[in-house]
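First comes the structure, then the notes that go with it.
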Amino acid sequence: MIKNILTLSIILLIISCSNNNNQTNTNAIKTQTNETKTNELIQTEESNNNDTKNDSYYTSKNIEWISHHYYMKNDEGDFFSVYLNDRWPDYINSDSELIPNYEKIKAAFNYKNLNDVNQFYDKNSILDITNNKIYAEAENGDSIESTYSNISSFKMTSKSLNSSSKEINTSLSLKATVYNYVYSDVSETNEYGSASTFSYKDTIFLLIPDDTNKLEVYDKISFDINEDFNLNNIKRNENLEFEDKKGSISKLFENYMNDFYNEWLTNSVGSYESSKSINITYFNDKTISIRRTSTLYLGGAHGVYNNYNLVYSLETGEKIEVTNLIKDFDDGELKSIMVSKLLSIDNRTEEDYLVPLDEITLADTSFYIYDDGMHFVWPIYSITAYVLGETEIVFDFEEIKPFIKDEYSYILK
């Protein structure tokens, strides 16, 4: 399977923007620099009608930027995420927004039941530092708003429910700084007028503790989820973000990308398009669930993707592997419940699975924790055809409790 096929925190940015004009000027300078880089990303094409070979010229380019993610949860289990400066560039549509913009936000909100609401707010977004306001709308007109000074409290207004509003007060929060890197190149056109493309998009996801006493645990988790990169020699600065001396972050991306890029340069008959991202799926005061998403396209009808879930203890930084979590994967009662859940997905039958049901095991899944229980996910191709996508089932906490090893019983509380 393909596992690797995808600080200022918002609060720190809020504080720095409202209390430190020098920091605001610094952010403005960085934004200007990014805008300059983005202008250079526009592909220039030159054609020579007098030549039998129709050549295109494209200069390989890369851009980098930092995003700040803020994750919040209330006592009811609602989960809210705010992404500041989190916009991937689009190389295809020259009219699209190529540059991340600190004056825009993207937010996502889920009620504790994933099937109730899974909504993005990224329309007409406002980050108004002067008036201490955050605002964004969803496609259906629903809106969320908050203030810089109290970002842990939001008001959600639903147009579909006669513009009724709901106050969301969060009790737990996590912050992360995300380092983004994009590199692209296009080969010369061949004798048939076609060219291949190289596109590499990657991130380094750094958890930011609100207490330096948690730094060792947060480092342990951050280093593990970014396993493609050696982060041991990169130190944190006074804001607990990475201290990027002499382009050390860029070099990490470049060193990892080089083998793929050199292979494409040598054999650029086909395209190479890779994208990776990391995000927090859920957390509580005991654990954090993180998803690494990877996509890869090498030509053909479609690419491949993989969502790999990771669960860590927020007390020790230990990664909780599914192979260590379950007492006995061959337990008859466990397998019976699992099979029943597999057959209840969109009225599937045994014929929808590539392997006999009695050979399917939770040991081949990655899992994450949500408010409604433990979710187990099989990647594409592992037990079903590509067209059915990933397969996911959920055990509520009482259901899974008899099959969990005693040392991990704390994650069920």
Side-chain angles (χ1 to χ4, degrees), residues 8-19 24 27 31 67-88 90 96-97 99-178 208 210 277 279-285 288-289 291 368-372 375 394:
L8 298 175
S9 65
I10 288 185
I11 288 180
L12 291 175
L13 181 62
I14 292 165
I15 295 171
S16 65
C17 286
S18 59
N19 297 332
T24 303
N27 285 341
T31 304
S67 304
H68 299 99
H69 294 190
Y70 192 43
Y71 303 88
M72 296 163 285
K73 178 178 176 291
N74 64 15
D75 293 333
E76 299 173 3
D78 300 336
F79 187 59
F80 200 86
S81 309
V82 174
Y83 311 102
L84 178 65
N85 200 25
D86 186 38
R87 293 172 179 268
W88 285 106
D90 184 346
S96 66
E97 183 180 17
I99 189 70
N101 189 332
Y102 272 107
E103 296 180 355
K104 292 184 181 295
I105 65 171
K106 180 171 67 176
F109 181 78
N110 295 304
Y111 286 116
K112 63 180 181 180
N113 184 340
L114 279 170
N115 295 321
D116 288 341
V117 173
N118 187 2
Q119 189 156 253
F120 280 98
Y121 299 79
D122 58 359
K123 308 298 180 186
N124 301 319
S125 60
I126 299 172
L127 286 179
D128 189 338
I129 298 171
T130 304
N131 295 304
N132 195 28
K133 181 179 180 180
I134 294 175
Y135 177 86
E137 295 178 359
E139 287 283 357
N140 64 359
D142 291 359
S143 65
I144 56 101
E145 60 183 297
S146 183
T147 61
Y148 286 125
S149 58
N150 188 19
I151 197 168
S152 61
S153 178
F154 278 82
K155 182 172 77 173
M156 173 184 286
T157 302
S158 175
K159 286 191 174 181
S160 58
L161 298 175
N162 299 319
S163 296
S164 61
S165 297
K166 175 183 178 179
E167 293 291 336
I168 305 167
N169 296 303
T170 60
S171 53
L172 290 175
S173 64
L174 281 176
K175 297 169 284 188
T177 297
V178 184
I208 307 296
D210 54 9
S277 63
N279 207 355
I280 295 176
T281 310
Y282 195 71
F283 72 98
N284 52 38
D285 57 346
I288 181 172
S289 296
R291 178 171 295 160
Y368 67 93
I369 298 170
Y370 204 77
D371 191 76
D372 60 345
H375 293 243
V394 58

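Between Y83 and H69, the two ring planes are perpendicular [angle over 60°; tilted spans 30° to 60°].
Counting only heavy atoms from C-beta outward, the side chains of Y370 and V394 never approach each other to under 4.5 Å.
Every side chain to side chain contact (heavy atoms under 4.5 Å, CB included) that N124 has, sequence neighbours left out, goes to E137. Qualifying side chain to side chain contact (heavy atoms under 4.5 Å, CB included) partners for S289, counting only residues two or more places apart in sequence or in other chains: T281, V311, Y368, I369.
Here the closest non-hydrogen pair linking L172 and D285 is CD1-N, 3.8 Å.
The line from CD1 of I280 to OH of Y70 is 11.5 Å long, rounded to the nearest 0.5 Å. Going from atom NZ of K133 over to atom OG of S146 covers 11.5 Å, rounded to the nearest 0.5 Å. Distance CG/N284 to CZ/F79: 10.5 Å, rounded to 0.5 Å.
Applying side chain to side chain contact (heavy atoms under 4.5 Å, CB included) to Y282 and the options R291, H375, K73 leaves one that passes, K73.
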